[in-house]
Amino acid sequence: MIYLDYQATTPTAPEVTGAIMRWIGEQFANPHSPSRWGREAGAAIEIARKQVEKALGLKGGRLAFTGSATEAINWALKGIVEKLRDDGSKRNRVITIATEHAAVLDTCEWLAGHGAEVTVLPVQRDGLLDLDLLADKLDDRTALVAAMLVNNEIGVMQPVAEIAAMAHDAGALMFCDAVQAFGRMDIPRGPDLVAISAHKIHGPKGIGALWTRRGAEPAPLIHGGGQELGLRSGTLSPALCVGFGAAAKLAAERANRDYDHVRKLWGAASQALGLGWIVNGSTVHRYCGNLNIRREGLDGARLIADLRDVAFSLGSACASGSGRPSHVLKAIGLDYREARSSIRLGFGRYTTQKELVDACQRIAAAAYAQETLDA
Ligand code: PLP
């Protein structure tokens, strides 16, 4: 199996598996318990928190672990709107972008059904937000602007620092979904809230985090013991936190090496695929570990079925499962046929050039076979 689905999830780093084992084995104590065992587990979580915060590199805030980035996103969006409402603020509008992850768009839809005003801005053909459109919509009723750094389907990078500065000038807060960017590039200064996930950086699934600037903490989403900073309840898993910390530490240490590797892979993949492929979204403002491409007349789903031992996808795991055409490809102006002829190849730290080239040559051959069969 050649694994080319790094945007869906990443292979667990051996260092992470090693770090996790003792916390699901003999050291099972509740990290919030005052016993010596409990305090040891609690201390391991605090080390992990520092490792994740250090890799994130943002100043003036705190990081709370959550059960996923999806939870962190729900918490940030719902919690900020609720907090402002409780404070009697007239700011009740959330502005977001049409290419955001379902976790953002569906939460915004929920908010719209619960009294908030939601504005979803379109993107240009290259996947980038037109900042003039944002400037038009920002006003003194805007509570929050939500924009992702790296898109999970097409890899396009939004100008998050500029978006944050514009939101702040209008007196609003800025939330950034940095799930696909964290551990792969520097997170720009500016956002007040940032959501990340461990399993996209070679860590375990089932753990994410929300970083919040001091003073910009959202109202709680999950109520109970208030274990995380008094704001998020539920017993933390030392194993998952330690795994997240180990993955973040490794990502920070290997940042340059991983980045160079991914750039080389992008070049090798593009060459191995040959002519006739079009990159979806900007080729300049993008993360190079995401190659979302289309080819005239291709049936992407059939290609995936034809190449059973190469793992790649049509877009986000959610979109693939539902059979719905991707909202991201639609937002960049692709019609149904073009979206159907698109595939996403995702590669990274553990992908070798040889296996990637091999997979791309097979993809190109299978695409050509489809063409000749259909002709
Ligand atoms: N945001 C983006 C951009 C993602 O790619 C994902 C995962 O697919 C998420 C949010 C949700 O992350 P999690 O799987 O931790 O809930």
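Just so you know, these numbers use all the heavy atoms, side chains as well, and skip hydrogens, waters and symmetry mates. Starting from 1, each residue takes its place in the sequence as its number. Counting starts at 1 for both ligands and their atoms, in listed order.
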What do we get for Val179 next to ligand 1 when only non-hydrogen atoms under 4.0 Å count, side chain, backbone, both or neither?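 Just the side chain.
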Which segment of Ala69 sits under 4.0 Å of ligand 1 when only heavy atoms are counted: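 Answer for Ala69: both.
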Relative to the heavy atoms of [X], which atoms of ligand 1 are at a distance of less than 4.0 Å?
| X | value |
| --- | --- |
| Ile73 | 10 (C) |
| Gln180 | 3 (C), 4 (C), 5 (O) |
| Ser68 | 15 (O), 16 (O) |
| Met148 | 3 (C) |
| Ser197 | 13 (P), 15 (O) |

Assess whether a salt bridge exists between Glu53 and Arg62, defined as any Lys/Arg side-chain N lying under 4.0 Å from an Asp/Glu carboxylate O.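 No.
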Any salt bridge between Glu40 and Arg36, counting N to O under 4.0 Å?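 Answer for the salt bridge query: yes.
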Answer with yes or no whether [X] contacts ligand 1, where contact means a heavy atom under 4.0 Å from a ligand atom.
| X | value |
| --- | --- |
| Thr9 | no |
| Lys200 | yes |
| Glu100 | no |

Sorted by first residue and then second, give each salt bridge (charged side-chain N to carboxylate O under 4.0 Å, His left out) pair with at least one member in residues 227-239; sequence neighbours left out.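 The answer is Arg49-Glu228, Glu71-Arg232.
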Within residues 358-367 or reaching into it, pairs that qualify as salt bridge (charged side-chain N to carboxylate O under 4.0 Å, His left out) - sequence neighbours excluded: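 Qualifying pairs, neighbours excluded: Asp309-Arg362, Asp358-Arg362.
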Mind checking whether Phe244 and Phe65 have parallel, tilted or perpendicular rings, split at 30° and 60°?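 Taking Phe65 first and then Phe244, their aromatic rings sit tilted (interplane angle of 30° to 60°).
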Mind checking whether Tyr6 and Tyr3 have parallel, tilted or perpendicular rings, split at 30° and 60°?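 The rings of Tyr6 and Tyr3 sit tilted, inter-plane angle from 30° to 60°.
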Given Thr70, Asn74, Val104, Thr66, identify the one with the heavy atom nearest to atom 16 (O) of ligand 1.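 When every heavy atom of Thr70, Asn74, Val104, Thr66 is considered, Thr70 comes closest to atom 16 (O) of ligand 1.
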Quick check on the 6.0 Å ring-centre criterion: do Phe28 and Trp37 meet it?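 Phe28 vs Trp37: aromatic centres under 6.0 Å.
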Is there a side-chain contact between Arg93 and Val118 (heavy atoms, below 4.5 Å)?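 Contact flag for Arg93/Val118 side chains = no.
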